Amino acid sequence: MKVYQSTESSANKDMKDKKRHTLLIFISFFTLVFVATFLIRYLGGNPSLPGNEAYFTLGTERNFFTDNEVINKNDLQNLIWPYLVHLLSTLTRVEIAIVILSYIFAILSILIIYGILQRLNFENKNIFLLLFVISPITIWLFTTLSGTILPSFLCLLTLYLLLSEKDSVALFTLTLTILFGLVATIGVLLLILAFSRRYKFLFYTLGMGMVINAIYYYFVPIPLFSKFEIANFFSLFSSLSSFGIGFFIFLLSMIGIIATWRVKAERKRYFTIYASFIALVLLSMSNKLFLFYVTFPLIYLSTIGFVTLVRREWQSKSIKVLTLAIIFAGLAINFVYTPVKVSQLEPSKEVLESLTWFQNEKEGSVLSHPDNGYFLEVIANKKVFVNNYEQKTSSYIAGLATEIFLSRDLEYLNRNIEEFNIEYIYITPDMKAGKVWKSDDEGLLFLLRYGGSFKNIYRKDGIEIWQRTRGVPEVEEPL
């Protein structure tokens with residue numbers, strides 16, 4: 001009896017050691033990807049953080065306790081992540097704090113996913129974790145330091161707790177998830193439907209979600225969905241857009257659906273997974289934030305598809321090798337492409353240089369494209385006429401900015417810069433390359449050169465900064 005117990009204890013210890021080694025390997029692999037993304041950017045001469053999301057968080061964190069307007073104009077879902085960054089920034093620089101926090105939640109997500117797979121009795125955990133780590137959505141989410149990290153993690157944690165039958169704690173994390181808004185509410189709802197089928201929690205999510213999101217929309221009416229078009233489907237793939245599903249991972253998920261659909265028992269077992277996956281993909285065509293919640297069912301089905309390809313009997317061994325080689329190559333290309341793409345996100349080193357120079361200019365409101373708003377606020381320490389968040393919450397301000405950009409009416413320009421106290425205009429190369437204007441003499445560009453209301457104070461690498469003139473207007477050629 002003692003020999004039997006000793007053997008069983010030894011086997012359990014070996015299993016735990018194997019689990020630890022497996023997790024350590026994947027955590028180490030992800031760490032290399034995470035560090036490499038920032039290292040590529042830094043070695044390219046750009047020490048700034050990548051993307052808009054990080055600077056929205058930094059700007060909110062900076063003014064959290066000093067500017068009541070930050071609280072008034074943001075709903076709760078946009079305040080939780082900056083507050084966590086603020087807490088960690090008491091120990092280190094805020095830029096380092098947001099990177100550390102993102103990395104911590106990435107590692108916790110890997111651990112939670114492994115726990116979920118164990119409770120689902122999913123055999124191919126290692127393949128799932130590999131596909132998860134190299135997924136373009138995963139890399140993009142954590143390396144752009146997105147505020148979506150926390151609600152997506154809470155979704156996974158809620159699912160893990162439900163599968164572990166820890167209902168009281170799951171109810172708490174589910175409520176926290178719902179606080180992050182409609183996208184997170186729908187995301188966790190569909191995950192519970194797909195993998196847990198705990199209908200009591202589904203009804204709770206629906207009820208609580210409707211109440212909280214109705215309150216959010218009443219105070220901050222942000223449109224969450226753009227026009228639904230079939231053409232938007234192609235924008236879901238990372239090779240054709242800023243971020244998205246890797247094409248070959250999506251292809252593997254389709255193979256997974258086909259493989260399980262053929263068997264009647266499997267079809268019934270996986271039906272809710274199919275439904276949730278398809279629903280999240282369709283929702284992503286109107287709001288790409290849903291892609292962060294499609295990751296788990298996507299990788300789940302992709303793993304099944306990959307195992308099906310490897311285990312099936314092929315009539316030609318050479319065709320099997322060629323097919324798998326193409327898939328491996330496709331996965332590798334997406335895996336390499338995403339960190340490089342993230343490392344090239346704005347602010348570029350040229351934008352960073354201009355904004356650093358701009359810091360020393362006197363205070364004043366800046367008119368620019370909303371995409372530049374957070375950079376101007378955080379790096380140049382200037383107030384902006386409109387940023388991405390205000391573009392969503394105030395159609396009037398966003399529309400007015402567009403009208404000013406496209407108008408050639410000098411009187412209209414002067415009236416608005418006076419009314420809104422616009423001191424500067426900040427122009428980047430992409431704004432002149434179709435983002436705002438299509439020609440050099442279109443709208444505001446023409447007035448800047450020949451209207452005399454603004455003078456050029458910075459021009460380098462296609463970036464221009466114009467300052468409002470005082471007194472008698474004078475026409476002035478750019479420097």
Side-chain angles (χ1 to χ4, degrees), residues 22 25-30 32-34 36-37 106 109-110 113-114 116-117 120 122-143 194 233-263 266-267 270 273-274 276-278 280-282 284-285 288 291-342:
T22 299
I25 288 170
F26 285 110
I27 289 171
S28 300
F29 184 48
F30 176 81
L32 288 174
V33 177
F34 188 82
T37 303
S109 296
I110 292 173
I113 284 171
Y114 192 89
I116 292 171
L117 296 176
L120 291 172
F122 192 70
E123 294 181 359
N124 303 292
K125 300 179 189 68
N126 292 349
I127 297 174
F128 185 107
L129 288 176
L130 177 62
L131 291 177
F132 176 77
V133 169
I134 68 173
S135 166
I137 302 176
T138 302
I139 298 171
W140 189 278
L141 174 64
F142 293 108
T143 57
F233 174 77
F234 298 101
S235 73
L236 300 183
F237 298 101
S238 56
S239 57
L240 299 175
S241 62
S242 58
F243 77 98
I245 302 171
F247 175 77
F248 286 92
I249 289 181
F250 183 78
L251 180 62
L252 287 174
S253 71
M254 293 296 100
I255 295 171
I257 290 175
I258 294 169
T260 51
W261 186 265
R262 289 176 176 175
V263 182
E266 295 283 285
R267 188 189 314 165
Y270 289 105
I273 299 177
Y274 304 151
S276 298
F277 173 66
I278 292 170
L280 285 167
V281 170
L282 291 174
S284 299
M285 292 166 65
K288 290 187 74 173
L291 285 179
F292 296 123
Y293 301 92
V294 81
T295 302
F296 192 87
L298 169 71
I299 304 298
Y300 192 91
L301 293 169
S302 298
T303 304
I304 295 172
F306 179 80
V307 172
T308 300
L309 286 179
V310 172
R311 291 180 179 175
R312 68 166 294 189
E313 294 183 6
W314 294 70
Q315 291 183 347
S316 171
K317 187 176 180 180
S318 58
I319 292 177
K320 176 181 179 180
V321 171
L322 180 61
T323 301
L324 291 176
I326 291 172
I327 289 173
F328 281 128
L331 292 173
I333 289 170
N334 268 319
F335 167 62
V336 173
Y337 166 82
T338 308
V340 173
K341 179 69 177 177
V342 172

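Because only heavy atoms are used, hydrogens play no part in the values below, and waters and symmetry mates are left out as well, while side chains stay in. The structure displayed is predicted, hence computed values, not measured ones.
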Undergrad: Contact between Ile116 and Phe296 at the side-chain level, heavy atoms closer than 4.5 Å - yes or no?
TA: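 In contact.
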Undergrad: Testing the basics here: between Val33 and Pro339, what is the closest heavy-atom pair and its distance to 0.1 Å?
TA: CG1-CG, 4.2 Å
Undergrad: As an exercise, state the distance from CG of Leu331 to CZ of Phe247, rounded to the nearest 0.5 Å.
TA: 11.0 Å
Undergrad: Which atom pair, heavy atoms only, marks the closest approach of Asn124 to Arg311?
TA: OD1-NH2, 3.7 Å
Undergrad: Which heavy atom of Arg262 sits nearest to which heavy atom of Arg267, and what is that distance?
TA: O-NH2, 4.2 Å
Undergrad: Where do Arg312 and Lys320 come nearest, in terms of heavy atoms and distance?
TA: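 Nearest heavy atoms, Arg312 then Lys320: O-NZ, 4.2 Å.
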Undergrad: Would you indicate whether Glu266, at its atom CD, is surrounded by more than 12 heavy atoms from other residues, nucleotides or ligands within a distance under 6.0 Å?
TA: yes
Undergrad: Of the non-hydrogen atoms in Phe132 and Ile299, which two are nearest, and what is the gap between them?
TA: N-CG2, 4.0 Å
Undergrad: About how many Å separate CD1 of Ile249 and CG of Leu298, when rounded to the nearest 0.5 Å?
TA: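 One gets 6.0 Å once the value is rounded to the nearest 0.5 Å.
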Undergrad: With distance as the sole criterion, is a donor-acceptor pair present between the side chains of Thr22 and Tyr114 under 3.5 Å?
TA: no
Undergrad: Does any part of the side chain of Ser316, heavy atoms only, come nearer than 4.5 Å to the side chain of Leu322, both counted from C-beta?
TA: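 Side-chain contact under 4.5 Å: no.
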Undergrad: I need the Ser253 OG to Ile273 CD1 distance, nearest 0.5 Å.
TA: 12.5 Å
Undergrad: Does the pair Phe248 and Ile326 meet the rule for a side chain to side chain contact (heavy atoms under 4.5 Å, CB included), with working shown?
TA: CA-CA 9 Å; Phe248 286 92; Ile326 291 172; 3.9 Å; yes
Undergrad: Mind checking whether Asn126 and Ile25 have side chains closer than 4.5 Å, heavy atoms only?
TA: no
Undergrad: Could you check if a side-chain atom of Asn334 sits within less than 4.5 angstrom of a side-chain atom of Ile134, using non-hydrogen atoms only?
TA: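 Side-chain contact under 4.5 Å: no.
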Undergrad: Would you give the length of the straight line joining atom CD1 of Ile257 to atom CG of Leu252, rounded to the nearest 0.5 angstrom?
TA: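 Separation between the atoms: 11.5 Å.
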Undergrad: In terms of ring plane angle, is the pair Tyr300 and Phe128 parallel, tilted or perpendicular, where the classes change at 30° and 60°?
TA: perpendicular
Undergrad: Side chains of Tyr270 and Ile304: does their closest heavy-atom pair fall under 4.5 Å?
TA: yes
Undergrad: Can you name the nearest heavy-atom pair linking Leu280 to Ser284, along with the distance?
TA: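 Taking every non-hydrogen atom into account, O-OG, 2.7 Å.
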Undergrad: If you define the side chain from C-beta out and look only at heavy atoms, does anything of Ile137 sit under 4.5 Å from Val294?
TA: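 Yes, their side chains come closer than 4.5 Å.
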Undergrad: Can you tell me how far CG of Leu130 sits from CZ of Phe26, rounded to the nearest 0.5 angstrom?
TA: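 Going from CZ on Phe26 over to CG on Leu130, the span is 5.5 Å.
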Undergrad: CH2/Trp261 to CE/Met254 distance, rounded to the nearest 0.5 angstrom?
TA: 12.5 Å
Undergrad: Answer whether the closest heavy-atom distance between the side chains of Val133 and Thr138 falls below 4.5 Å.
TA: no
